[in-house]
There are 2 protein chains.
Amino acid sequence: MKKLTMKEIAKLANVSQSTVSRVINGKEGVNEKLAKRVFDVINEVGFVPNKAAQTLKQNQSYIIGVCVTETYNPYFVELIDTLESVARNYGYNILLHNSKRNPILEWESMENFISRQVDGIIFVPTSDYNFEKISKLPIPVVSVTQTHEEFHSVGLDHYKAGQLAAKKFIYTNHKTFGMVGNIPDDKFFGFRDTLAENGFTFQMKNYITIKETSSNSYLIRQDIEDYLDRVTNLEFTSVFTTNDLMAVEFVKAVEDRGIKVPEDISVIGFDDTILSKMMGISSIHQPIEEMVKTTMKLLLDRIEKKVSSKKVQIKLEPTLIERKSSRLK
Amino acid sequence: MKKLTMKEIAKLANVSQSTVSRVINGKEGVNEKLAKRVFDVINEVGFVPNKAAQTLKQNQSYIIGVCVTETYNPYFVELIDTLESVARNYGYNILLHNSKRNPILEWESMENFISRQVDGIIFVPTSDYNFEKISKLPIPVVSVTQTHEEFHSVGLDHYKAGQLAAKKFIYTNHKTFGMVGNIPDDKFFGFRDTLAENGFTFQMKNYITIKETSSNSYLIRQDIEDYLDRVTNLEFTSVFTTNDLMAVEFVKAVEDRGIKVPEDISVIGFDDTILSKMMGISSIHQPIEEMVKTTMKLLLDRIEKKVSSKKVQIKLEPTLIERKSSRLK
DNA sequence: CTGTTAGCGCTTTCAT
DNA sequence: ATGAAAGCGCTAACAG
């Protein structure tokens, strides 16, 4: 195979270059015989048109820029995979970047996207550091996973997810509650508020903080061990974690210390990934397929119909998948 | 932010468009004052050059096409992530495709890569179905993970990996051996041959076949359960699995039937992913970083220096990471 | 040192 | 119905 241009195809088929273009793009009104001759040549030599030239000419690349914050958590991998499939069905390719929770890299990715002429951007924000700049980008942007007022966005209702976990623990007769997470977020507020509404108070000393920089199992485990070393014994019988990685490491850490799950403590994770499935840990399910389809539709509507209007936020419903890590107290 | 062109920057800075180009590309011999004026305008308005135009003009896109076969196995995710990091350090972006083990999709991806003017391709083959066509592509191609004579390729030495597992089992006094995998491959041959060299014969009835289409934990588990239902009791005390997903599902399946790991049976997995780490399963380690760096260097050498020559295969050394799933019989 | 100009491969208008 | 020609944004050869 050699790299070919339409000009050369035109010569081989003995037609003009614009005719080749018409044939390839299925424009009406090309003589059937000519069209066939062109197709034959194309198939024979394996010609594919140069998308850089098409992009330049049409001012549209059929690429969507996707920027995630990490891939260590299988949740994001499933998200990316689904995005790729759905985008492909619409005739788009994905340009994938990983900001690694670094706002500098995040902005670099955005510049790269613009530079590559992507038609739209789907991203998981690192923080609000670049919010203003990103919201001023000259192409449609949708943030995914969590909703933000600054963007079109679709995400799970994290507040409700917290409520769901709290309610489950309360209904199964737990009286003391813990959480594992980074800095308190909507999941925490939902959890805490629901406890409060039911006459319980969340004790901040039962919040196990995982450092923002603890991005893998080993580091998460360290943070949990540090907590466990400090408190000597756990003052709660139920715990809700911010993602499945934390749930897994929490379960392993306490079991190593002779505390039984779920006999001594109930655990509910978050994301419902392969990890919680494998380990039999209860988890809040993320409807990834629905989330991605909604996201893509939102984005393509802005790209194709140029619907701009005001920012829309779409919150999806969490559901709890019960496994063997949680039970009646 | 608005989409801008060099022409508009030129007007704003009151210079010619080629001067803007020179400044952006750091060419020598531009008056400092002019350069500063141009930079100021660029920074003020946030201009980034149109890469589609650059690609068209320079016939080089600084994109590398990457096509993997799946992302359900965390091994591939780590591979992709590392590829992205290393490529970025060299100034390249990654265009990611997933063939899902489907040769039709694989070839579509290759055509897309050519169409997008990627400078080179790194891929994990689905099968040998497209080998001939892919080896004729007009740009450098490297296959990764396993070596193939048809391509420049870098991969682990799978035969040696099989040897390693077999030796471990033999040295720890096992007398009966099993394997879990798709159709027999180099890992199997290394395993079987090493047993033979030590006076053992691998019994094919101890080979648990996982269907090629069983691409997730649930399906793998089904295949294992089918086998277990059929044989009533296991005729081996040691088993080597083709990847960590299989190892995990095997361990869970037998433990559900009251067989203890490692007391009753020793298990060695493959890939040394987060899964085996989490579950404490011994596994053959893949040196991903080394593999990716080697791959990228091989590819960039062909891209930049146009070193063509004959195909080179690079095989990396496997190592065994011992955890608690294997022990002395 | 800087500006003018041609041309990368394509789509699309215009002319025939 | 088909071809000729302009132009997308950029780089680089050429001219001054």
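Residue numbers start from 1 in every chain, and the chains themselves are labelled A, B, ... in the order their sequence lines are given, proteins ahead of strands.
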*Between A:E149 and A:K311, is there a side-chain N and carboxylate O pair less than 4.0 Å apart?*
no
*Is any side-chain N or O of A:S16 closer than 4.0 Å to OP1 or OP2 of D:dA4?*
no
*Mind checking whether B:M110 and B:K133 have side chains closer than 4.5 Å, heavy atoms only?*
no
_Within this structure, what is the CD-CG distance for the pair B:E84 and B:N93, rounded to the nearest 0.5 Å?_
7.5 Å
*Mind checking what makes salt bridge (Lys or Arg N to Asp or Glu O under 4.0 Å) contact with A:E132, not counting sequence neighbours?*
A:K136
*Show your working on side-chain hydrogen bond (donor to acceptor under 3.5 Å, both in side chains) between B:S135 and B:E150 and close with a plain yes or no.*
CA-CA 7 Å; B:S135 67; B:E150 294 83 351; over 6 Å; no
*Which pair of non-hydrogen atoms, one from B:V118 and one from B:L95, has the smallest distance, and what is that distance?*
CG1-CD2, 4.3 Å
*For DNA chain C, note the earliest and the latest nucleotide, 5' to 3', having some atom under 4.0 Å of a heavy atom belonging to chain B.*
C:dC1 to C:dG9
Tell me which donor-acceptor pairs under 3.5 Å the side chains of residues 292-300 of chain B have, and how far apart each pair is, sequence neighbours excluded?
unit_1 : atom_1 : unit_2 : atom_2 : d
B:K293 : NZ     : B:E289 : OE2    : 3.1
B:T294 : OG1    : B:E290 : O      : 2.6
B:T295 : OG1    : B:M291 : O      : 2.6
B:K297 : NZ     : B:D301 : OD2    : 3.2

*Can you check each nucleotide of nucleotides 8-16 of chain D against protein heavy atoms at under 4.0 Å and return B for base, S for sugar-phosphate only, - for none, in 5' to 3' order?*
BBBBBB---
*Please lay out, stage by stage, how A:V41 and A:V20 fare under the test side-chain contact (heavy atoms from CB on, under 4.5 Å).*
CA-CA 10 Å; A:V41 172; A:V20 177; over 6 Å; no
*Give a yes or no on this: more than 12 heavy atoms of other residues, nucleotides or ligands lie within 6.0 Å of atom NZ of B:K36.*
no
Determine all donor-acceptor pairs shorter than 3.5 Å in which one atom belongs to a side chain in residues 56-66 of chain A; sequence neighbours excluded.
unit_1 : atom_1 : unit_2 : atom_2 : d
A:S61  : OG     : A:I63  : N      : 3.2
A:S61  : OG     : A:Q117 : O      : 2.6
A:S61  : OG     : A:D119 : OD1    : 3.4

*Sub-4.0 Å heavy-atom contacts from residues 31-44 of chain B onto DNA chain D, ordered by number*: none
